[in-house]
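Every chain is numbered from 1 and lettered A, B, ... according to where its sequence line falls, protein lines coming before strand lines. Note that the structure is a prediction, hence the values are computed from the model and not measured.
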Amino acid sequence: MKNTKIIDLLSSTEVDRIVNIKGWVRTKRGNKNVAFIAVNDGSTIHTIQAVVELANFSEENLKGVTTGACVSITGTLVKSQGQGQSVEILLKELEVLGAADETFALQKKGHTLEFLREIAHLRPRTNTFGAVLRIRHAMSFAVHKYFNDKGFFNLHTPIITGSDAEGAGEMFRVTTLDLKNPPKNQDGSIDFKKDFFGKETNLTVSGQLEGELGALGLGLIYTFGPTFRAENSNTPRHLAEFWMIEPEMAFYDFNDNMDLAEDFLKYLIRYALENCKDDLEFLNSMYDKELLTRLQSVVDCSFERLTYTAAVDVLLSSGKKFEFKVEWGTDLQKEHENYLVEHFKKPVILIDYPKHIKAFYMKQNEDGKTVRAMDILFPWIGELIGGSQREDNYDKLLARVKEMNIHEESLWWYLETRKYGTCPHSGFGMGFERLMLFVTGMTNIRDVIPFPRTPMNAEF
RNA sequence: UCCUUCUUAGCUCAGCUGGUUAGAGCACAUGACUGUUAAUCAUGGGGUCCUUGGUUCGAGCCCAAGAGAGGGAGCCA
């Protein structure tokens with residue numbers, strides 16, 4: 001018999017019919033006369049209860065029904081006699097598809113997130129990871145829906161890249177050379193002309209530069225793909241492999257860019273509130289009692305927009321003693337960002353940063369000192385989005401490239417877009433897992449991705 | 001990478017000032033219970049006290065080094 005998803009049965013009013021469910025046993029309880037088996041199949045955080053009348057069904061047949069076992073249960077869907085659920089299944093046939101003996105690591109209670117990270121192969125079977133992973137799917141889907149509805153095209157930028165243009169930290173080398181005996185040049189250096197692509201290649205740290213190429217032809221594009229950073233970052237907010245969303249828009253100026261980013265974030269959070277209610281309520285009750293009200297408050301507020309210079313003034317006049325000195329021209333530290341978000345009690349969009357602390361491609365302001373960059377700061381998470389209007393003037397861009405000692409020749413294709421048919425355009429990047437942290441209330445980024453990649457950890 | 005805390009049963013944790021046989025809850029096994037909601041109650045089995053070395057008559061406890069994990073910081077998204 002074809003199985004029905006538990007989420008559909010729990011909301012069904014069509015009772016007194018034979019149904020089949022397949023899923024994993026969460027708990028079995030009962031007495032001499034009756035046993036109850038709670039089964040979850042991942043379609044929802046809730047379990048459905050199968051009722052076993054022991055007068056008709058020998059207890060011996062329930063031996064294999066242990067916490068974690070995979071079962072197929074056929075029976076009559078009936079109105080529940082007990083409290084706590086509207087329907088239940090009166091068991092007729094039971095098959096244990098996969099036993100789970102007493103060595104099974106997941107018990108009925110008492111697991112820390114740290115322990116679950118060590119058994120990442122089993123954690124999708126827990127309530128917490130079921131909830132997080134369903135929300136992750138919903139957020140991923142909502143990203144595509146949002147941009148599709150607005151007329152954006154999803155552009156697949158390369159994962160293997162031949163340029164280290166952004167200089168965004170350490171990259172993962174991609175090579176097919178024999179590491180024990182690589183081909184050498186006369187001077188002893190490695191001869192990358194013999195490598196697979198005939199040059200040095202790495203995993204991408206950003207799809208932005210290629211994204212711009214797409215936008216300067218398709219108009220509105222976005223990327224949503226894996227991104228890699230070989231930084232030795234050991235924090236609850238960093239991964240070596242993470243997913244990033246990077247929209248890039250022709251004819252969008254700086255303000256259009258901010259408006260889009262704010263609208264985008266609110267759309268995603270609203271989508272979660274409307275479509276992931278059960279899972280969010282679970283996380284709200286188990287991990288973070290403020291989660292739902294915090295999500296709602298972000299949807300309802302209007303983000304604070306202020307310049308870097310104004311932010312420095314706020315910090316200087318705060319009277320607060322910071323560990324790192326606040327000074328115009330230096331990058332803001334985490335404690336400064338936290339202060340600003342707490343001060344305004346809502347997400348903050350900081351704009352017009354000093355040019356020397358930002359990337360070469362950002363549009364220069366008339367003051368000659370700042371660029372049209374924006375960082376969107378969220379409570380605890382810090383920078384959720386970073387973006388800018390791009391420098392579209394060929395001479396100014398080339399001057400910046402030279403000033404910052406960036407390898408001009410490897411960027412010839414990027415520079416050419418400013419030579420032929422250039423136009424004002426803007427874009428931003430959002431770390432998908434950072435969004436997930438905010439939406440789920442989880443506090444470690446390793447718990448919002450199924451199989452995290454961090455320094456010294458690629459087990460699963 | 002730096003600072004800091006932690007590592008005791010399958011899991012979560014106690015463990016006194018360094019002293020005889022290292023405890024609890026959950027899980028598991030057995031039994032009880034007429035519909036349970038992480039069921040409850042009783043009984044039982046279960047230990048490389050992270051590793052190595054040191055101090056001591058004696059180390060789970062003190063010291064040193066190492067490994068792993070958490071938190072904070074930096075780099076960033």
Under-4.0 Å side-chain N/O to phosphate OP1/OP2 contact, A:Q49 with B:U36:
no
Side-chain donor/acceptor contact of A:H111 with base of B:C11 under 3.5 Å
no
cation_pi(A:K266, A:F303) dist<6.0 Å, angle<=45
yes
Output yes when at least one side-chain N/O atom of A:R26 is less than 4.0 Å from OP1 or OP2 of B:U37, else no.
no
Interatomic distance, A:E170 CD vs B:U1 P [rounded to whole Å]
12 Å
Is it the case that the base of B:G74 and the side chain of A:Q333 share a donor-acceptor contact (distance under 3.5 Å, atom types as modelled)?
no
A:R29 side chain near B:U36 phosphate (N/O to OP1/OP2, under 4.0 Å)
no
A:E114 CD to B:G71 P: how many Å, rounded?
6 Å
Considering just the side-chain nitrogens and oxygens of A:R117, establish if one lies under 4.0 Å of OP1 or OP2 belonging to B:G70.
yes
Phosphate contact (B:U34 OP1 or OP2) by A:K32 side-chain N/O below 4.0 Å:
no
Tell me whether the side-chain N/O atoms of A:T27 come closer than 4.0 Å to OP1 or OP2 in B:A39.
yes
Could you state the atom-to-atom distance from CD of A:Q85 to P of B:A39 in whole Å?
12 Å
For B:A69 and A:N234 - does any side-chain N or O of the residue sit under 4.0 Å from the phosphate oxygens OP1/OP2?
no
Within less than 4.0 Å of OP1 or OP2 of B:A69, is there a side-chain N or O belonging to A:R446?
no
I'd like to know if the side chain of A:T440 and the backbone of A:M436 have a donor-acceptor N/O pair within less than 3.5 Å.
yes
With side chains defined as the heavy atoms from C-beta onward, is the minimum distance between A:E93 and A:L91 less than 4.5 Å?
no
Let me confirm one number: the CG-OG distance from A:D392 to A:S426, rounded to the nearest 0.5 Å.
9.0 Å
Phosphate OP1/OP2 of B:U30: any A:K63 side-chain N/O under 4.0 Å:
yes
